[in-house]
> 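Provided herewith is a single structure, encoded as structure tokens, for subsequent inquiry.
These figures come from a predicted structure and were not determined experimentally. Naming: A, B, ... by sequence-line order, numbering from 1 per chain.
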Amino acid sequence: MSTSSQAGAGGNKPSAPLLSPVPSVRGPNIRSDVLLVLALAALPMLAGAVLPWVLLRPNRLAPGDYLRLPPPLMALMVLLALLPILSARFTPRLTWLAAGLTVFTTFWVLGQQTHSALLGQAEFARASAAAGVWLFGLGALIASYGAGLLLAGRRKALTWVWLPAVLILVWGGHLSGWSVLVEGRNEGPRWVQELVQHLRLVGTALGLSTLIGVPLAVWAAGRERVAVTVLGAANAIQTLPSLALLGLLIAPLSALSNAFPALRQAGISGIGIAPALTAMTLYALLPILRNGVVALRGVPVGTVDAARGMGMTGTQIFWRVQVPLALPVWLTGIRQAAVLLVGVASVAALIGAGGLGTYIFKGLQSAAADLILLGAVPAALLAIGVDAALRGLELWLGRRFGRVG
Amino acid sequence: MIELQALQKRYGETYAVRDLNLVFAEGVLTALLGPSGCGKTTTLRMINRLIEPTGGRVLLRGEDTHSLKPETLRRGIGYVIQQIGLFPHLNVAQNVATVPDLLGRPARDTARRVDELLDLVGLNPDEYRHKKPAELSGGQAQRVGVARALAADPPVLLMDEPFGALDPLARDKLQDAFREIQRGLKKTVIMVTHDIDEALRLADRIALMNAGELAQFGTPDDLIHRPASSFVRQFLGEDAALRQLAGRRAADFVRPGDPAGLPTVEAHLNARSALGIMLREGSDALAVTEEGQVTGVLHWRDLQTVPRLSAEFIPDERG
């Protein structure tokens with residue numbers, strides 16, 4: 001046996017890679033996959049280029065006119081839509097740049113078009129993004145994903161090359177004519193407050209469910225009947241739609257706060273933060289519990305036996321062996337819970353708990369798409385960001401503890 | 001060193017181990033041998049109290065192990081199990097340092113001790129110290145397992161099928177390496193195995209168990225030549241003597257003599273191969289060569305005496 005057997009990848013797996021075809025075959029295969037992805041990306045971009053880009057309305061609620069791109073710009077966008085796939089065909093090394101350029105240009109043209117549409121209009125006029133922007137943007141993001149397939153390791157980060165450029169556009173005011181940012185500017189500090197409230201809801205619920213879930217998982221991991229009961233209960237909660245769970249909590253919590261004035265003074269009532277946090281905490285329990293039990297049970301029996309045989313006490317075995325080995329899988333559960341909570345917190349606005357959901361529901365009530373986006377887009381980005389950050393933490397821990405979990 | 005007195009483990013109505021009396025002498029390697037389910041692992045685990053007996057006592061240097069805290073007892077006894085026993089999240093050095101760390105020994109002494117032990121088990125410390133178990137082959141992992149068990153220099157070593165999960169080649173090499181280590185250290189070793197060859201190769205004494213009871217206790221020669229029951233004879237098999245030869249090197253039987261005209265055998269081959277050459281060549285003696293140089297002569301009479309070869313294996317066509 002050689003020492004080079006798959007480093008860090010669980011050495012005991014059957015060594016099938018020895019029999020699989022040589023790596024040189026991989027290149028062309030990946031290349032044809034990428035070409036397919038980039039072709040799929042070109043279609044919405046081509047459609048987007050010829051569709052209207054701006055909806056101009058005299059005010060937030062009035063009907064308005066759809067404006068297409070001027071013909072020279074439209075032709076340019078058609079060419080740009082084909083750039084990633086052409087690049088992948090002839091200069092694959094630069095595909096990331098071509099894809100990044102399409103994403104950046106989407107924002108740049110949006111800013112430029114909204115500004116020119118608003119020239120000479122009244123103060124309350126709004127220029128929103130129309131179908132063309134969305135389709136072209138979607139295609140551009142697909143292209144940027146496809147370009148990422150051609151890159152390996154750290155170079156994958158190059159697919160995000162457009163992000164700093166777009167941030168500079170936003171910062172420099174180039175996109176200030178876009179209706180969503182106009183609404184954002186009008187909301188200003190209140191929007192920041194709702195964002196903070198959203199984060200606070202997610203953080204508190206995640207903290208509470210971790211505090212409850214972690215000891216519960218440790219207790220259940222060694223006891224079959226406890227595990228079945230606890231996981232069954234958490235599973236049952238999870239099957240309830242989040243909106244229904246929030247509704248179900250209103251009655252008992254308002255009864256409680258009516259019966260005990262002290263509770264009401266502490267801010268606990270049928271609507272508001274208390275039921276939202278309760279529901280969110282219950283919701284997040286399942287992934288934390290389930291992954292905790294699975295992770296603790298996944299610690300090899302032989303490893304624990306060896307630890308015991310060498311004279312570790314129960315506490316030492318727990319902290320020195322079981323926790324480090326269970327941590328990566330367990331963190332996956334906490335990450336799932338966090339992402340779930342970002343979503344549930346958006347719904348919590350319905351019962352007055354605040355958060356970014358406030359804008360979504362306000363926008364739905366007044367049929368103002370820009371308001372909806374003001375809540376929905378940051379909530380979505382938040383979920384993606386939380387997921388990426390915790391995923392990074394998992395990878396780091398996995399590498400540190402010699403296990404890719 | 002270790003004495004089992006009327007040791008017993010009962011699960012409900014069935015006995016896993018029943019009325020077991022055994023003495024493991026100091027510095028002796030004893031194999032607990034037997035078919036699966038015979039209670040050998042249970043016996044081993046009762047010695048370091050991973051399993052509590054339901055009757056009888058275990059004495060360690062005359063002291064009842066029940067009077068010690070289990071953790072204290074276990075820290076004083078080396079313990080090796082199949083390779084899954086390494087801590088996958090710790091590197092080789094940290095794995096080996098486990099028991100010294102538990103005992104609170106100074107880190108600098110332990111680091112030196114770790115290097116010493118890695119050398120002893122045939123792993124270059126500079127190369128292996130920082131590797132994770134997943135980067136080791138089965139044989140290397142098990143070497144680390146042996147080093148880990150020896151780290152706190154315990155007088156007693158318990159080994160549960162230590163070489164069981166290895167491929168035959170790695171197992172042979174590791175058995176040889178372990179025999180050399182044991183020759184130098186003279187630990188009191190108790191090794192559970194179901195592999196007769198392993199017991200014959202490594203053990204000074206064999207305790208053969210069957211259905212929770214001791215079938216026979218003695219030297220490998222005793223079991224082969226003076227089986228106490230038909231079970232012992234059947235378990236060892238009719239070719240036990242040959243298997244025992246397989247565990248010795250031709251070089252072990254060399255004596256001075258005239259090698260002229262004799263077929264040759266290389267010194268590193270095992271004695272069974274030497275016997276095979278004798279049968280093939282129709283000769284009752286072989287010239288033993290080492291790197292092309294003749295070192296002496298091997299007579300089949302010697303193969304017969306140490307250890308004796310039973311009658312049915314005397315070749316008829318000797319020259």
> Would a distance-only check, ignoring hydrogens and angles, find a side-chain to backbone donor-acceptor pair under 3.5 Å from H89(B) to Q322(A)?
no
> Around atom CZ of F318(A), are there more than 12 heavy atoms from other residues, nucleotides or ligands closer than 6.0 Å?
yes
> Is the CZ atom of R10(B) crowded by more than 12 outside heavy atoms at less than 6.0 Å?
no
> If you apply the rule side chain to side chain contact (heavy atoms under 4.5 Å, CB included), what do you find for L325(A) with F87(B), and how did you get there?
CA-CA 9 Å; L325(A) 289 180; F87(B) 300 131; 6.0 Å; no
> Show the nearest heavy-atom pair for residues I81(B) and G302(A), with the distance to one decimal.
CD1-O, 3.4 Å
> Which residues in residues 42-75 of chain B have any heavy atom lying under 4.5 Å from a heavy atom of chain A?
R45(B), N48(B), L50(B), E71(B), R74(B), R75(B)
> For D101(B), check salt bridge (charged side-chain N to carboxylate O under 4.0 Å, His left out) against everything at least two apart and list the hits.
none
> If the condition is salt bridge (charged side-chain N to carboxylate O under 4.0 Å, His left out), which residues does R129(B) pass it with, not counting sequence neighbours?
D115(B), D126(B)
> Within the structure provided, determine whether L102(B) and R320(A) are in side-chain contact (heavy-atom separation under 4.5 Å).
yes
> Looking only at heavy atoms and a cut-off of under 4.5 Å, which of I77(B), D160(B), T98(B) has the most pairs with chain A?
T98(B)
> Minimum heavy-atom separation for A306(A) and G85(B), please, with both atom names.
CB-O, 3.3 Å
> Can you tell me which residue pairs pass the side chain to side chain donor-acceptor pair (under 3.5 Å) test with a partner in residues 210-224 of chain A, sequence neighbours excluded?
E224(A)-R297(A)
